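Worth saying up front: this structure is predicted, and the values here are computed from it rather than measured.
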Amino acid sequence: MTVTSSERALLDSIDEKEIVGLTTALIDAGGENPGDTEEMTAKVLAEHCRAVGFDVRTVEVAPGRPNVFVSIGSDERPGVLFVGHSDVVPAGTGWTTDPFSAVVRDGRIVGRGSCDMKGGLAAVVAAMTVVLRSGLADEHPMTLACLVDEEDTGLGIRAFVAESQHRTYSCCVVAEPTDLVTIYGCRGAANLEIEVRGRSAHAGQPRNGANAISAAARIIAIIESSQAELDANPDPELGPATWNVGTIAGGTGTSMVADRCVVTVDRRLLPGESAAGVVGDLESRIESAGLTESGIDVEIGIAMEMPGFLTSVNNGLVTTAVQSVIDNGSISEGHSAGSTFAESTDIWTASCDGGFVAQQMGIPTVVLGPGEIEKQAHRPDESVAVRQLTDSARAYALIATRIAALPGL
């Protein structure tokens with residue numbers, strides 16, 4: 001697709017210095033989760049956007065943890081929703097710089113959250129800024145929902161999709177790091193805690209008790225057996241749902257029959273699956289195995305649930321996102337983005353807030369943003385290329401101004 005002269009003027013007005021300045025300010029604001037709140041990050045973002053002229057709204061979902069919504073353009077027509085998050089994972093050790101004092105070196109911004117995803121937030125704001133300044137905002141409304149607690153339990157996204165919406169949206173772009181590859185689907189995730197309660201006894205007469213650890217081992221075997229069924233019924237795009245046993249803890253001493261054992265498991269969900277459905281199926285399998293007939297009680301709790309999503313690769317949002325990246329001549333560090341459609345699209349094995357948007361708001365969703373999540377995020381000296389930030393801002397501006405012309409969006 002040819003970039004028009006008006007689009008070229010829009011792209012040329014993207015200000016790299018503004019993007020770098022906002023990214024570094026957001027990094028410096030911290031927001032480790034767990035361990036801190038997102039309050040300072042939200043304040044920095046809100047103050048910047050007010051100064052530019054955006055409509056800014058904050059909603060506190062927990063003490064010191066506000067969702068921030070910044071919008072441009074008319075609220076009388078559907079706009080493009082961009083989703084990001086203000087929290088970052090704990091810095092940890094091994095850094096060569098202060099993780100919360102951003103450094104720009106060799107064309108990269110280094111600091112916790114630079115890649116995941118303070119840089120993505122700044123890129124969206126830059127795109128919104130040029131659309132506003134160009135006078136196109138009413139024709140092409142845009143909203144950034146910057147949400148808390150994405151890295152842990154999802155308080156922010158749950159509050160957002162549950163509230164009465166102040167605007168309507170035709171589609172959603174989640175600005176997570178994808179190396180500028182358009183992600184059109186990902187599996188969801190559920191973290192389950194399985195508590196097995198038995199009956200203690202002396203190890204010399206183990207039959208006088210009910211061993212919770214032994215019962216937990218049988219439950220793990222049931223989980224592994226069900227994985228074979230999941231493998232036999234994969235989603236054509238996303239592959240199979242998966243189980244992973246993460247931790248196990250139980251017992252009091254070697255000479256005692258264990259009266260309690262707790263197992264935590266990760267269950268990746270396909271679109272349409274729910275954690276409640278998975279729990280119900282596992283409970284039925286445990287009961288059928290006779291585990292609860294010999295002094296054993298089992299309780300399964302849902303610690304976290306994040307739904308998956310799948311947008312048709314032929315959907316106008318997907319094709320527009322890919323074409324916008326290609327037309328911008330964007331540089332990808334780990335893929336061949338910008339060369340062919342097939343090389344510019346993918347699915348994720350990770351999960352994100354996009355699943356909630358697709359499932360509960362019912363709009364087409366993709367994930368597209370600067371940085372490589374597997375190579376740069378969640379590690380010491382996390383960084384993102386400045387060039388990718390500007391490329392992302394340009395792609396977001398093209399998506400927002402092109403999407404209104406598509407039928408059905």
With Arg187, which of Ile347, Leu269, Leu270, Asp235 fulfils side-chain contact (heavy atoms from CB on, under 4.5 Å)?
Leu270

Side-chain touch Val366/Val174, heavy atoms, less than 4.5 angstrom
no

Would you confirm whether the ring centroid of Tyr184 sits within less than 6.0 angstrom of the ring centroid of Phe309?
no

Can you confirm whether the side chains of Asp381 and Thr96 place a donor and an acceptor under 3.5 Å from each other?
yes

Inter-residue atom distance Asn67.CG - Cys146.SG, 0.5 Å rounding
8.0 Å

Any Lys/Arg nitrogen of Glu39 or Arg65 sitting under 4.0 Å from an Asp/Glu carboxylate oxygen of the other?
no

Inspect the contact between Arg267 and Glu305 and indicate whether a charged nitrogen and a carboxylate oxygen are less than 4.0 angstrom apart.
no

Distance in Å, Leu144 CG paired with Leu147 CG, rounded so as to fall on 0.5 Å steps:
8.5 Å

Asp116 pairs by side-chain contact (heavy atoms from CB on, under 4.5 Å) with which of Arg379, Glu372, Glu151?
Glu151

Do Thr401 and Leu10 have side chains that approach each other closer than 4.5 Å (heavy atoms only, starting at C-beta)?
yes

Any Lys/Arg nitrogen of Arg57 or Glu163 sitting under 4.0 Å from an Asp/Glu carboxylate oxygen of the other?
yes

When you measure from the side chain of Thr311 to the backbone N and O of Thr365, does any donor-acceptor pair fall under 3.5 Å?
yes

Take atom CD in Glu287; do more than 12 heavy atoms of anything else shown fall under 6.0 Å from it?
no

Drop me the distance from Asn315's CG to Thr320's OG1, to the nearest 0.5 angstrom.
8.5 Å

Do Thr247 and Thr264 meet the criterion of a side-chain donor-acceptor pair at a distance under 3.5 Å?
yes

Taking Glu195 first and then Arg197, would you say they form a salt bridge - that is, a charged N and a carboxylate O separated by under 4.0 Å?
yes

Residues Glu150 and Arg158 bridged, charged N to O under 4.0 Å
no

Report the residue from Val124, Val52, Val56, Asp55 that forms a side-chain contact (heavy atoms from CB on, under 4.5 Å) with Val70.
Val56

Short question: side chain of Lys118, backbone of Gly30 - any donor-acceptor pair under 3.5 Å?
yes

Is there a donor-acceptor pair under 3.5 Å between the side chain of Gln165 and the backbone N or O of Phe160?
yes

Looking at Glu16 and Arg387, does any basic side-chain N land under 4.0 Å from a carboxylate oxygen?
no

